[in-house]
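No experiment lies behind these values; they were computed from the predicted model shown. Here is how names work: the chains are called A, B, and so on, in the same order as the sequence lines, proteins then strands, and each is numbered from 1. Quick note: numbers below take in every heavy atom, side chains included, and nothing from hydrogens, waters or symmetry partners.
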Amino acid sequence: MDFQIALLLAQDGITNGAIYALLALALVLVFAVTRVIFIPQGEFVAYGALTLVMIQAGHVPATLWLLVGAGVLAAVVDARGALASGQKGRLAGVLAWNAGYPLVLAALLYLLPLATLPLAVQVLLALLVIVPMGPLMYRLIYQPIAAAPVLILLIVSVAVHVGMVGLGLLFFGAEGSRTPAFSEARFEVGPMMVTGQTIWVVAASIVLIVALYQFFGRTIYGKALRATAMNRNGARLMGISPALAGRLTFLLAALIGALSGVLIAPITTIYYDTGFLIGLKGFVAAIVGGLASYPIAAAGAVLVGLLEAFSSFWASAYKEVIVFTLIIPVLLWRSLTSHHVEEEE
Amino acid sequence: MKLRTSLMAAIGLAFAATAAQADINVGVTVSATGPAASLGIPEKNTIALLPTTIAGEKVNYIVLDDASDTTSAVKNVRKLISEDKVDVILGSTITPNSLAMIDVVAEAATPMISMAASARIVEPVDDKKRWVFKTPQNDAQMSTAIIEHMTNNGVKTVAFIGFSDAYGEGWYEQFSAVADARKLKMVANERFARTDTSVTGQVLKIMAAKPDAVLIAGSGTPAALPQKAFKERGFTGKIYQTHGVANNDFLRVCGKDCEGTFLPAGPVLVADQLPDSNPVKKSAVEYISKYEAAHGKGSVSTFGAHGWDSGVLLAAAVPTALKKAKPGTKEFRAALRDALEGLKEVPAAHGIFTMSPNDHLGLDQRARVMVQIQNGAWKLVK
C-alpha cells in the first residue's frame with residue numbers, strides 16, 4: 001500500500017464514518033431520553049433515500065400511505081383520550097396534526113409535478129413524508145409502554161424493525177436504487193480526487209452535529225431533552241412532559257436517519273433492507289461512546305468507518321467480522337473501567 | 001333394464017367425479033421475500049402464467065413463499081407433500097434452500113424441479129438426487145463462456161471480485177479452475193457483501209495488480225457497486241459480470257458506468273436478437289410475450305424464465321406419466337420422475353433440455369450466449 005491508496009481509503013472511511021456518526025448520535029439521543037435501543041434507526045435511512053427515489057421518478061411515494069395510516073390511527077387514539085378526559089378543546093388540534101397534515105401532504109404530492117421539481121424541493125418533500133413517522137411511531141408504539149424495562153423496549157424495537165423492513169419490501173420492491181449526485185463537481189487535492197458528494201456528506205454531518213449541539217445548549221426544548229436524559233423523574237417534577245420529550249426525540253432521530261439516507265443515496269445503491277447494517281455500524285459507534293457520550297460516539301463512528309475501509313483493502317472477506325469484533329474489546333474495556341449501577345431489576 | 005342403465009349412469013358419474021378430483025397438484029416454493037426476492041418475485045409471477053390444464057387434466061398450483069430461508073423452504077415442502085398431496089415440487093429459488101429440500105422430496109418419492117443454479121443440486125445423480133431436476137445453467141458452463149471470450153480477446157491476466165457468500169465462492173471455484181486450465185493468470189481475488197455501501201478498498205487493491213480484465217461475481221443490483229467504483233477510479237480494462245445481473249434493474253442502477261460490460265446469459269435475455277434459425281428463439285419469445293402481456297413491457301427477467309422452464313419440463317413430462325398412472329398416487333409421481341428423466345430436445349426459454357439418467361439439467365452450449373451492454377441495453381455478441 002502506498003500513500004495515495006491510504007489517502008483514498010481514509011477519504012472513503014471518513015465519508016462512511018460521517019454517516020455512522022449521525023446515526024450513532026441519534027441512537028445515543030434516543031437511548032438517553034427514552035431508554036429505547038432504537039434498532040429501526042437504519043430503516044429511516046432506507047425509507048428516506050427510497051422515498052426520494054420515488055419522488056424523483058415522478059411517483060407518489062408509497063411511504064405516504066404509511067404516514068396517512070399512522071396519522072389517522074394516532075388521531076383516533078388521541079381523540080379518544082381527549083374525549084375521555086373531557087378536553088374537547090384539544091380535539092381540533094389533535095385531528096389537524098395527526099390526520100390533517102398527512103392528508104394535506106398527500107394532496108400536495110398528487111398535485112405537484114414531482115419529477116421536474118428542483119432537487120432541494122424533492123429532498124424537502126421526502127423529509128416531510130418520512131420525518132413525522134418518528135413522533136407517530138413513538139405515540140403509537142413506545143408511549144403506551146414508556147415505563148417498561150429496557151429489555152421489553154428492545155424487543156419491541158426488534159419487532160418494529162422487522163415490520164418496517166417488510167413494509168419496505170412492499171413499498172419499494174426488492175431491487176435497489178440510486179439518486180443523482182447533489183453536485184457533479186470534482187476537486188483535486190494533492191494526489192486525491194475528492195467528489196462533490198463526499199464534501200456534501202461530511203459538511204452536512206458537521207453542520208448537523210453543530211446544530212444539534214446548539215439545540216441542546218441554547219433552546220428550551222433542547223434543555224428539556226437533556227434534563228429528561230439526566231433524570232427522568234426530576235425532569236417530570238419540573239414540568240417537562242415525558243411524552244413530549246419522547247416525541248421530540250423520535251422526530252430528531254427520524255430527521256437524522258432520513259437525511260443520512262438522502263446524503264448517501266448518490267454514493268451507494270440503497271435497498272429496502274440496507275438501513276439495518278448501516279444502523280448497526282452506527283450502533284457499534286454508539287457502544288464505543290457507552291450509549292451516553294456524544295463526542296466519543298462520533299469519534300467511534302469515524303473509527304468504524306476507517307477500520308471498515310482499511311480492512312476491505314487488506315482482508316475483504318473478513319471486513320464485517322473485523323468491524324463487529326471491535327465491539328468486544330470496547331465492551332471489555334467499558335465493563336472493567338466503569339462502575340455502572342443498574343437502574344432497574 | 002331401466003334400473004341397470006341408471007345404475008351404470010350413477011357409476012359412470014362417480015368415476016367422473018373421482019377423475020375431476022384427481023387434478024394434478026403442483027407445489028411451488030419460491031423466495032418471494034428476503035434477500036433473494038428480486039429473483040423470487042418474477043418466478044412467482046411466472047408460475048401464474050403456467051398452463052392450467054395439461055393433456056386435459058386440470059393443474060392446481062399451490063404457491064408458498066420461503067422468504068429466502070432454508071428452514072421455511074423445508075417446512076413448505078413438508079406441508080405441500082403431507083397436506084396438499086402434491087405430485088411434483090417446483091423450487092426453490094436459491095441453492096441452499098434447494099439443497100435442503102432434496103432429503104424431503106427423496107423421502108416422499110416426489111419429483112422436484114429446482115430454479116437454483118448450483119450444479120451440486122443435481123450432481124452427482126444418486127439415490128436421493130434421482131428425484132431432483134433443475135433448470136438454470138451450471139456456473140461452470142457460464143465460466144467457460146466468459147473464459148473463451150477473454151482468451152479470444154487477448155486477456156492474459158484477470159482479477160476476481162465476488163460476493164462473500166456461496167455465490168461468490170462457487171464462482172471463484174469454477175472460474176479459477178477453468179482459468180488455470182486455459183493459462184489465464186489470476187492476479188487478485190477479493191470479496192464484498194451484497195449489503196456493502198463501499199468497495200473502494202477492494203477496487204484499489206485490484207487496480208494495483210493491473211489486470212487486463214476483471215470479473216465481478218454478484219447477482220442483481222448489488223453487482224453494480226464494484227463496477228461503479230472501477231469506473232470512478234478510472235479502470236480501463238474489460239469488465240465482465242455474471243448472468244446473475246441479467247435483469248433490467250441492474251441496467252437502471254448501473255447506468256452509463258456499465259457501458260461495454262460483457263456477461264454470459266441465457267438466450268432469453270436477447271431472444272429478439274437471435275437469428276431465426278436459433279432453436280431457442282421461438283420458445284423464448286413465447287415466454288417473453290406472455291410475461292410482458294401480464295406485467296408490462298421490459299418487465300421480463302431471466303430468473304422468471306427459469307421458473308417458466310420448470311413449467312415447460314412439467315408440461316412435457318405429464319402426458320407420458322398420465323399414461324401410466326393417475327395423479328395423486330405414488331405410481332404417478334414415480335412415472336412423472338421417469339418421464340422427466342426421459343425428456344429429449346424440449347425447447348424452453350433458456351435452451352433445449354435433453355435429460356438423461358446422469359444429467360438432470362440437460363442443457364448444452366445452446367443455453368448460453370455472450371452479451372454486451374450497449375447504450376443501456378443487452379446486445380448479443382456475435
**Report entry** Options B/Pro222, B/Gly220, B/Gly40, B/Ala32, ranked by heavy-atom pairs under 4.5 Å with chain A, top entry
**Finding:** B/Pro222

Query - 4.5 Å side-chain heavy-atom contact, A/Leu8 and B/Arg233 - result: yes

Query raised in the report: Are side-chain N/O atoms of B/Glu190 and A/Ser316 paired as donor and acceptor at under 3.5 Å?
Result: yes

Query raised in the report: Is the side chain of B/Arg252 donor-acceptor paired with the backbone N or O of A/Arg178 at a distance under 3.5 Å, no angle test?
Result: no

Query raised in the report: Among B/Ser164, B/Ser198, B/Ala193, who wins on heavy-atom pairs under 4.5 Å with chain A?
Result: B/Ser198

Query raised in the report: B/Ile41 versus chain A, heavy atoms under 4.5 Å apart: side chain, backbone, both or neither?
Result: side chain

Query raised in the report: Should we say atom CD of B/Glu259 is surrounded by more than 12 heavy atoms from elsewhere, each under 6.0 Å from it?
Result: yes

Query raised in the report: Would you find more than 12 non-hydrogen atoms of other residues, nucleotides or ligands less than 6.0 Å from A/Tyr318 atom OH?
Result: no

Query raised in the report: Can you name the residues of residues 270-279 of chain A that have some heavy atom under 4.5 Å away from a heavy atom in chain B?
Result: A/Tyr271, A/Tyr272, A/Thr274, A/Leu277, A/Ile278

Query raised in the report: side chain to side chain contact (heavy atoms under 4.5 Å, CB included) between A/Gln11 and B/Thr200: does it pass, once the steps are laid out?
Result: CA-CA 10 Å; A/Gln11 181 202 345; B/Thr200 312; over 6 Å; no

Requested in this report: Under 4.5 Å heavy-atom distance to chain A, tell me which part of B/Asn247 shows up: side chain, backbone, both or neither.
Outcome: side chain

Query - Distance-minimising heavy-atom pair for B/Thr221 and A/Gly176 - result: OG1-N, 3.4 Å

Report task. Just give me the residue among A/Thr268, A/Thr195, A/Ile264 that pairs up with chain B most often, heavy atom to heavy atom, under 4.5 Å. Result -> A/Thr268

Query raised in the report: Any idea which of B/Val203, B/Thr33, B/Asp196, B/Val199 has the most non-hydrogen atom pairs under 4.5 angstrom with chain A?
Result: B/Asp196

Report summary line: Looking only at heavy atoms, the pair that brings A/Ile5 and B/Ala208 closest together is CD1-CB, 4.5 Å

Requested in this report: Could you tell me whether B/Lys231 atom NZ has more than 12 heavy atoms of other residues or ligands within 6.0 Å of it?
Outcome: yes

Requested in this report: Locate the shortest heavy-atom distance separating A/Leu169 from B/Ala37; write the atom from each residue and the value.
Outcome: CD1-CB, 4.2 Å

Requested in this report: Go through the atoms of A/Ser311 and report whether side chain, backbone, both or neither lie under 4.5 Å from a heavy atom of chain B.
Outcome: neither

Query raised in the report: Measuring heavy-atom distances to chain A, does B/Ala36 have an atom under 4.5 Å in its side chain, in its backbone, in both, or in neither?
Result: neither

Query raised in the report: Given that the side chain runs from C-beta out, which part of A/Ala309 has a heavy atom under 4.5 Å from chain B: side chain, backbone, both or neither?
Result: backbone

Requested in this report: Would you sort out whether A/Glu175 and B/Ser38 count as a side-chain hydrogen bond (donor to acceptor under 3.5 Å, both in side chains), showing the intermediate values?
Outcome: CA-CA 6 Å; A/Glu175 287 294 354; B/Ser38 64; 3.2 Å; yes

Query raised in the report: Which heavy atom in B/Leu225 sits nearest to a heavy atom in A/Ile267, and how many Å separate them?
Result: CD1-O, 4.5 Å

**Report entry** Heavy atoms from other residues, nucleotides or ligands near NZ of B/Lys44 exceed 12 (cutoff 6.0 Å)
**Finding:** no

